[in-house]
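This report refers to the structure that appears directly beneath it.
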There are 2 protein chains.
Amino acid sequence: MNTKPLTAQEEVLALLRVEILTGSLQPGQQIVQDVLAERFGVSRVPLREALKILEGEGQVTHHPHRGYFVAELSIGDLHEVYRLRALLEREAVTAAVANITDRDLITITELAKEVRKAASTGEVLAITAANRAFHFAIFELSEMPRLIRLLRQLWDTTDVYRSVYFSSATNRERILLEHDEILDALCARNVARLVQWHDTHRDNSVSSVSAVIAR
Amino acid sequence: MNTKPLTAQEEVLALLRVEILTGSLQPGQQIVQDVLAERFGVSRVPLREALKILEGEGQVTHHPHRGYFVAELSIGDLHEVYRLRALLEREAVTAAVANITDRDLITITELAKEVRKAASTGEVLAITAANRAFHFAIFELSEMPRLIRLLRQLWDTTDVYRSVYFSSATNRERILLEHDEILDALCARNVARLVQWHDTHRDNSVSSVSAVIAR
DNA sequence: AGACCGATAATTGGATCCAATCACTGAAAT
DNA sequence: ATTTCAGTGATTGGATCCAATTATCGGTCT
């Protein structure tokens, strides 16, 4: 199972995501195409196509003849994103419970352990990745591909800010406990409790993140 | 209020939408870039950027080195789209009621009349446009730009099929009545009734459209 | 001093050209 | 007869080049 050769625009897209996530490209900053194209070792054409994808996801904005800029999140945007996440994630986890098998439970328990392991190292990027894997393993069970895609986009738009969230030790403690509760509710196939814990999980997240944005 | 000169990719994007909506480009059909670029009188570069946007919206799919294809909706996709619409539109109209002014009511009443006028002519494209304007005028009141964008995309993916819906006279009759009910609930600021009528409005739509897809 | 205007540089948008990949045809081998 | 393979044509992906637009910087006028 070897990874097939990627096209340049796919590579560039992945690189752009990293740069935005890690803050190498900061919110509000203009993206000068020549600079990035050279940095990535490609021409501007595949770069522009990758940017168009990110524009569609709301990660960057585009003004004709002025260029691309890394998107900034206002506090209002943040709350809207989390409101939409609330609506859509409730749907996702509800549908997930209807489909979940014992095998799935094992997989997800494993992913929760991965988060715990990453949290103990304190590496923010690793935690972000593991956390995402855990949650989306659950969402995927919904078998609603469009819903999952929307959720990915919503998560992406706040990832920059959320990574700050994971740099606090107390926050890291809490999410582990919350993940355990989520796992518990999953095993019990208890939709109400599952939704409930997702909600509090998000609420804790949004209040921390909004503090970061309001700086 | 003059329209500023559009870039080629914006023009092409609009043209592509029309071709897809009207069925000049049929679901499943490959999009040969040279052909369309020549038809639109531009080079392939702006065309490809427009296609990237449509890909992000789920209107077309892309397979590396094989090209772009007009997206097809399975019956499962259709139900997922309508399920997502249900979730998001409930949110939109609920938020709308919180913001609505008397001036807004006048505007929307006017738009409802436009739908009636279009329906009397029987021109499917005109009805589609007027119907959309009516509904999105309501959604816009939510003042949730990301939500509105998502709804636009969801509507776009089914517009091809929905236009069939409007070609039936009985359907046209019914939507006018339902629009009146929606208007009524709006004027009364009655959220429950407003949501209810939106739901039935959608349900009627989805059952007709799924009949078309299952052909 | 500040606003307005024009030339110039920087940057994006678009066209053309070349390279890489894929689909298709047809012939050969089993 | 069916499968496999090679070669060819068609199509996409990407690089380079040119045009159009915008921003910047000086200078001029009030």
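No hydrogens, no waters, no symmetry mates; every other heavy atom, side chains included, goes into these values. Reminder, nothing fancy here: chain letters follow the sequence lines and each chain counts from 1.
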Donor-acceptor list for residues 133-141 of chain A side chains, cut-off 3.5 Å, not counting sequence neighbours:
residue  : atom : partner  : partner atom : Å
A:His135 : NE2  : A:Asn131 : OD1          : 3.3
A:His135 : NE2  : A:His179 : NE2          : 3.1
A:His135 : NE2  : A:His201 : NE2          : 3.1
A:Glu140 : OE2  : A:Arg152 : NH2          : 3.1

Measure the distance from [atom1] on [X] to [atom2] on [N] and round it to the nearest whole Å.
X	N	atom1	atom2	answer
A:His63	D:dT22	NE2	P	13 Å
A:Glu55	C:dT12	CD	P	14 Å
A:Glu49	D:dT12	CD	P	12 Å
B:Glu10	D:dT21	CD	P	13 Å
A:Leu47	C:dT11	CG	P	14 Å
B:Leu13	C:dG13	CG	C1'	15 Å

Does [N] have its OP1 or OP2 closer than 4.0 Å to a side-chain nitrogen or oxygen of [X]?
X	N	result
B:Gln9	C:dG13	no
A:Arg66	D:dT21	no
A:His62	C:dT11	no

request  = Would you kindly check if the NZ (Lys) or CZ (Arg) of A:Arg202 is within the cone defined by 45 degrees around the ring axis of A:Trp197 and under 6.0 Å from the six-membered ring centre?
outcome  = no
request  = Could you list by number each residue of residues 28-41 of chain B showing a heavy-atom separation from DNA chain C of less than 4.0 Å, or answer none if no residue does?
outcome  = none
Starting the side chain at C-beta, find the nucleotide from [options] nearest to [X].
X	options	result
A:His65	C:dA23, C:dG13, D:dA23	C:dG13
B:Val42	C:dA15, D:dA15, C:dG14	C:dA15
B:Ser43	C:dT16, C:dG13, D:dA15	C:dT16

query = Passes side chain to side chain donor-acceptor pair (under 3.5 Å), B:Thr7 versus B:Glu10? Steps please.
reply = CA-CA 5 Å; B:Thr7 61; B:Glu10 288 173 311; 3.0 Å; yes
Identify all pairs in which a protein N or O lies below 3.5 Å from an N or O of nucleotides 17-19 of chain C, and state each distance.
none

Residues forming a salt bridge (charged side-chain N to carboxylate O under 4.0 Å, His left out) with A:Glu80, sequence neighbours excluded = none
ask   = Between the side chains of A:Tyr82 and A:Ser210, is a donor N or O closer than 3.5 angstrom to an acceptor N or O?
value = no
Residue pair B:Asn204 / B:Glu178, side-chain donor-acceptor N/O under 3.5 Å = yes
ask   = Does B:Ser207 use its side chain to pair, donor to acceptor, with the backbone of B:Asp203 at less than 3.5 Å?
value = yes
Only pairs under 3.5 Å count here: list side-chain donor-acceptor contacts from residues 41-52 of chain B, not counting sequence neighbours, and write none if there are none.
residue : atom : partner : partner atom : Å
B:Ser43 : OG   : B:Val45 : N            : 3.3
B:Arg44 : NE   : B:Gln33 : OE1          : 3.0
B:Arg44 : NH2  : B:Gln33 : OE1          : 3.3
B:Arg48 : NE   : A:Glu49 : OE2          : 3.0
B:Glu49 : OE1  : B:Gln9  : NE2          : 2.6
B:Glu49 : OE2  : A:Arg48 : NE           : 3.0
B:Lys52 : NZ   : A:Gln9  : OE1          : 3.2
B:Lys52 : NZ   : B:Glu55 : OE1          : 3.3
B:Lys52 : NZ   : B:Tyr68 : OH           : 2.6

key: Residue pairs, two or more places apart or on separate chains, that pass side chain to side chain donor-acceptor pair (under 3.5 Å) and touch residues 107-122 of chain B   = B:Arg116-B:Asp180
